[in-house]
Every structure is written in C-alpha cells, then in structure tokens.
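These notes are about the structure you will find just below.
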Amino acid sequence: MRNKNSKIKIKALINEAANCVIIPHKNPDGDALGSSLALNHFLSYKGLNSLVISPSEYPDFLKWMPGENQIMNYDKEKESSILKIKKADLIFTLDFNDLSRAGDMGEKIKESKGKIVMIDHHENPKNYAHEMISQPEIGSTCEIIYDLIKFIDVKGINSIVASCLYTGIMTDSGSFRYPSTTAKTHKIISDLINRGAKNFEIHEKIYDTFSHNRLKLLGIALKNIEKIEYFPYVIITLSQKELDSCSFKKGDTEGFVNYGLNIKGISLSIILIENKKENIVKLSFRSKGNFFTNIFAEKYFEGGGHQNASGGISYESLLKTKKRLVKLLKSHI
Ligand code: 5GP
Ligand code: MN
C-alpha cells in the first residue's frame, strides 16, 4: 500500500494529539474545504479538540457544507486564530504544499510548536512538514483524505464526512471529467454515496446557486473571450469596472476560465481578473493536454498549481498584463 508508513505515523500523531488545527489554502475551493471539514469531523469523532481555520474568506456556494459555520476566518479573527495555532499540538495543512499559500498565516504555522502534517496533491512540495502525504497523481486532496480515514478507522466515514469528501472530489475533477478521474475515483464516489453523500443535492448546491449578478458577470466574461491569432489559446479579461457593475463578490468568477476550453480545438484558456484594491491582476490557467500551466505560471507570474490548472499574479495593469501575456505565449514553447 502506497504511503503506508506515512499513514501509520499520522495515525500515531492523531492518537497522541489533543488540540488540532486544520488549515486549507488561501481562497479555499471545494477540495480544500471539503478535505478540511471531512478531517475535522473525523478528528472530532476520534475525541480530539479540532478546528478548521481558513486563511481567508471563501465563496458563498460552499457555505452550506456540514460544519462550515464553525470555520474560523484568519482574516477576520486574527488574534484568536493565532492563539489556536499556538495551542495546537497537531497542525494539518491541506490541499497546498508551500506555506506561502496560507498567506500571513504561513509564518504563524512555521513558528508553532505543534507537529505539522501536509496532505496534498500539488507537485514539488516544500519541506516544512514533519509528516506528509504528497500525491500529485491523485485528482484531489479529498481522495487522499478518504484513503487516510479508511486506513485509520473506516467507521469514521459517516454521511457528513462522505458529503464533504464528495464535494471536493467533484469540484477538483470538473464533475468527474478531467484525466485525473480514474476507476478508483468512481469506486470511492460509489462508497461515499453508499455512506450517505446525496450526490444530486451536492451538485445542485454547488452549481445551481448563481445570483443574477453572477450570471450577468459570466455573460460579460464570455463576451470578452479573445482568441490569440494562430494559437489554440484564448484569453478572458474582467476589469474592476465590469466586476463592480455586477456587484462582484469573492468566488463569483470561479469556473469562468473553464468556458474557454468549451471551444472546439482550444487547448489553453486564461482569465485575467483585475483587483484595483490590491493593485494586482489575478490569473487563472486551464489547459488540455501538454501545456504545463504550472511551469508557465511559476516562471512568469509567481504562481503554480497543476499541469492543467494553475494560478498566478501580476502587478502590472490589466492591459499591460494582457499584452505581456500574449507576447510570452507566442514565444513560449
Ligand atoms: P485557480 O485558478 O482555481 O485559482 O487555481 C487553480 C490551481 O492553481 C489550484 O490548484 C491552486 O491551488 C493553484 N494556484 C492558484 N493560484 C496560485 C498561486 O498564486 N500560486 C500557486 N503556487 N498556486 C496557485
Ligand atoms: Mn485540490
């Protein structure tokens, strides 16, 4: 069994611990929150004093997840979050592998005396954890957490844990369509449904909860799609003005970048989202096939992620970022 040693050691750490903190990456997505909440429910069931602290706010469409209302937000509750991190004897960092992905919180995690366990599926993990399970070949952190819980105590996968894990596997696999989706993924999903995950309800809660404004913003994004001449690439832009015109809220643009790949023959879609408050442009990359978006994002936009899905950041204006991006894409091999 892969990672058996790590699982044994993590099991021992859980048995020894009393106070545990679980941390997803900044701007957590379905997989980050799903894995964190699932593990949190499991550790509570095992008698630990456990808590999820998110480095930042997360989108409304995740605000139904079981236990979500007890998540602490580091941005809003800094002092008490720091206290909890200090008090923890065990810290899990989930769905990321570089402390910078936890924002300011990264420093606090580093300073803590607690044992750190990283569980993640991104490539090139940094060396900050006492124990880690790093499996870039797996489609979601939730699938790794499923394996871990099953290894420690399968009875811990009740309907609540199953719902959290289902959510993360579904969102990170593009609803079971990306190449990372395997027969094993479907076996896990089958088991989660058997254990009480209401698949149709979860789909509806995640995908059919657009506000009118969010749908209007999607309309603007779709109108803004531009193809790069002679290349199978498209770029989407959203300016602060366009975001404001639809009363943009965090998470509203989630998934927009994927629409570029709906065009026949297009193998790379990039969305550029202006953020005037922070004076940055956030980039999201999605590809099909051999375009390594993580390498491109890391090289040119201080970012990273997976081969086919990455993010990055630019400190130039929206227009300058776009111009630079087009130039880079044309010369990139
Ligand atoms: P998204 O485009 O949905 O924000 O992110 C896609 C993937 O890229 C996720 O796996 C996420 O963890 C990663 N990612 C997004 N932004 C960044 C970034 O600024 N730095 C790094 N290293 N990874 C990122
Ligand atoms: Mn993930």
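From a predicted model like this one, the values you see are computed outputs, not experimental measurements. Both ligands and their constituent atoms are indexed starting at 1 by order of listing.
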| task | Mark the output for Arg101 as yes if a heavy-atom distance to ligand 1 is under 4.0 Å, and as no if none is. | result | yes
| field | Intermediate values then yes/no, side chain to side chain donor-acceptor pair (under 3.5 Å), Gln240 and Asp244 | value | CA-CA 6 Å; Gln240 186 68 61; Asp244 290 345; 3.0 Å; yes
| note | Which of Lys249, Lys250, Lys76 passes salt bridge (Lys or Arg N to Asp or Glu O under 4.0 Å) with Glu57? Answer is Lys76
| remark: Closest to the Mn ion (ligand 2), among the N/O/S atoms of Asp172, is atom OD2
| Is there a donor-acceptor contact under 3.5 Å from the side chain of Asp120 to the main chain of Phe96? | yes
| request: Enter the distance from Asp29:CG to Ser35:OG here, rounded to the nearest 0.5 Å. | output: 8.5 Å
| remark: For His122, the ligand 1 atoms with a heavy-atom partner under 4.0 Å come out as 10 (O), 12 (O)
| task | For the Mn ion (ligand 2), find the closest N/O/S atom belonging to Asp95 and write down its atom name. | result | OD1
| Lys/Arg cation over aromatic Tyr178: Arg286, 6.0 Å, 45° cone | no
| said: Quick test of your reading of the model: are Lys78 and Asp104 salt-bridged, counting only N-O distances below 4.0 Å? | reply: yes
| query | Are Asp31 and His121 close enough that some pair of their side-chain heavy atoms sits under 4.5 Å apart? | reply | yes
| note | The atoms of ligand 1 lying under 4.0 Å from a heavy atom of Gly305, numbered in the order shown, are 8 (O), 13 (C), 23 (N)
| field | ring-ring contact (aromatic ring centres under 6.0 Å, His included) between Phe296 and Tyr300, worked out | value | CA-CA 6 Å; Phe296 188 84; Tyr300 303 115; 4.9 Å; yes
| said: Quick check for you: to the nearest 0.5 Å, what is the distance between Ser140 atom OG and Ile145 atom CD1? | reply: 10.0 Å
| query | If you measure every N/O of Gly304 against every N/O of ligand 1, is any gap under 3.5 Å? | reply | yes
| Metal proximity, Asp120 vs the Mn ion (ligand 2), N/O/S cut-off 2.8 Å | no
| N/O/S from Cys142 sitting under 2.8 Å away from the Mn ion (ligand 2) | no
| note | To atom 16 (N) of ligand 1, the nearest of Glu302, Lys282, Glu298 on a heavy-atom basis is Lys282
| query | Just which atoms of ligand 1 are under 4.0 Å from any heavy atom in Ala309? | reply | 7 (C), 8 (O)
| message | Give me the nearest non-hydrogen protein atom to atom 2 (O) of ligand 1 as residue plus atom name, then the distance to 0.1 Å. | response | Ser284 OG, 2.6 Å
| said: Going by the closest heavy atom to atom 3 (O) of ligand 1, which one wins out of Arg286, Glu254, His306? | reply: Arg286
| message | Which atom name does Asp31 have for its N/O/S atom nearest to the Mn ion (ligand 2)? | response | OD2
